[in-house]
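Remarks on the structure that follows.
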Amino acid sequence: GDQVEQSPSALSLHEGTDSALRCNFTTTMRSVQWFRQNSRGSLISLFYLASGTKENGRLKSAFDSKERRYSTLHIRDAQLEDSGTYFCAAEAGYQNFYFGKGTSLTVIP
Amino acid sequence: EAAVTQSPRNKVAVTGGKVTLSCNQTNNHNNMYWYRQDTGHGLRLIHYSYGAGSTEKGDIPDGYKASRPSQENFSLILELATPSQTSVYFCASGQQGSDYTFGSGTRLLVI
């Protein structure tokens, strides 16, 4: 069964607005990664977290340090170049990451 | 610059034929992975490796073999390709405590 559930599956944002993507895990996870897949299909690593939060520009990610059962990705002041599909991947065993099905994000002018 | 390079970028194969997808990494990572990406499924793990000479089955290994002859190279082998194996295949390298680096993907069409 699916160990990683991503929500929402699709999202439209107006430029300049904020939003959050979420991943829920069916079991306790060791770490989480977030990726963005661009229109050419390339997968770009955004964050790797074993706990706590990380921030990079307008993106911020958090990994629930207590129960380790969910992670979030916050997008602040959305820009057109943020459009793409966002995936989270969670590590259950040693360095084996299970991917969610992705959130398709469209930023509208 | 450290990278993961996949070849070929695109491949058309006939049903029943043998297909080999290659992956090379210059990250000096111990771990390497093969995923396939299909609409509605996200990325699913086929095989992975912890180092030269090791291969492990992922979630969907049936119909695939893997080979890790060196730290840098990890191949995915389809001995008898089927149309259901038409997909986009991604290779990645990784290390404990750090993120994955993905290759650019291989589009495989089996006719």
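Each chain gets a letter, A, B and so on, in the order its sequence line appears, and its residues count up from 1.
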>> Counting heavy-atom pairs under 4.5 Å with chain B, which one of A/F97, A/F35, A/F47, A/Y48 comes out on top?
In response: A/Y48
>> With a 4.5 angstrom heavy-atom cut-off, is it the side chain or the backbone of B/Y48 that approaches chain A, or both, or neither?
In response: side chain
> Would you say A/E81 has more than 12 foreign heavy atoms packed within less than 6.0 Å of its CD?
Replying inline: yes
>> With chain A as the partner, which of B/G105, B/S98, B/G94, B/G103 has the greatest number of non-hydrogen pairs under 4.5 Å?
In response: B/S98
> Is there a path from A/L80 to A/L11 through hydrophobic residues (I, L, V, M, F, W, Y) whose side chains come within less than 4.5 Å of each other?
Replying inline: yes
> Atom CG of A/L43 and atom OG1 of B/T101: how far apart are they, to the nearest 0.5 Å?
Replying inline: 11.0 Å
> Where on A/Q6 is there a heavy atom nearer than 4.5 Å to chain B: the side chain, the backbone, both, or neither?
Replying inline: neither
> How about B/Q37 and A/F87: do any of their side-chain heavy atoms sit closer than 4.5 Å?
Replying inline: yes
> If you measure from OH on B/Y100 to CD on A/E91, what distance do you get to the nearest 0.5 Å?
Replying inline: 7.5 Å
> Cluster question for you: counting only ILVMFWY and a side-chain heavy-atom cut-off of under 4.5 Å, with indirect links fine, are A/L21 and A/L13 together?
Replying inline: yes
>> Would a single hydrophobic cluster contain both A/Y86 and A/F63, if residues Ile, Leu, Val, Met, Phe, Trp and Tyr are joined by side-chain heavy-atom contacts under 4.5 Å?
In response: yes
> Is A/V4 linked to A/L105 within one hydrophobic cluster, defined over Ile, Leu, Val, Met, Phe, Trp and Tyr using a side-chain heavy-atom separation of less than 4.5 Å?
Replying inline: yes
> Is A/R58 atom CZ crowded by more than 12 heavy atoms from other residues, nucleotides or ligands, each under 6.0 Å away?
Replying inline: yes
> Rounded to the nearest 0.5 Å, what separation is found between the NZ atom of A/K101 and the CG atom of B/D38?
Replying inline: 11.5 Å
>> What residues of residues 49-61 of chain B make heavy-atom contacts with chain A at a cutoff under 4.5 angstrom?
In response: B/Y50, B/D59
> Which bit of B/T39 is near chain A, if near means a heavy-atom gap under 4.5 Å: side chain, backbone, both or neither?
Replying inline: neither
>> So, taking the atom named CG in A/L46 and the one named CG in B/D99, what distance separates them when rounded to the nearest 0.5 Å?
In response: 9.5 Å
>> Using ring centroids (six-membered ring only for Trp), state whether A/F99 and B/Y35 fall under 6.0 Å.
In response: yes
> Is chain B contacted by the side chain of A/R30, its backbone, both, or neither, given a heavy-atom distance below 4.5 Å?
Replying inline: side chain
>> Looking only at heavy atoms and a cut-off of under 4.5 Å, which of A/G102, A/G41, A/S45, A/S9 has the most pairs with chain B?
In response: A/S45
> Are B/L108 and B/F90 connected, step by step, through hydrophobic side chains (Ile, Leu, Val, Met, Phe, Trp, Tyr) whose heavy atoms are closer than 4.5 Å?
Replying inline: no
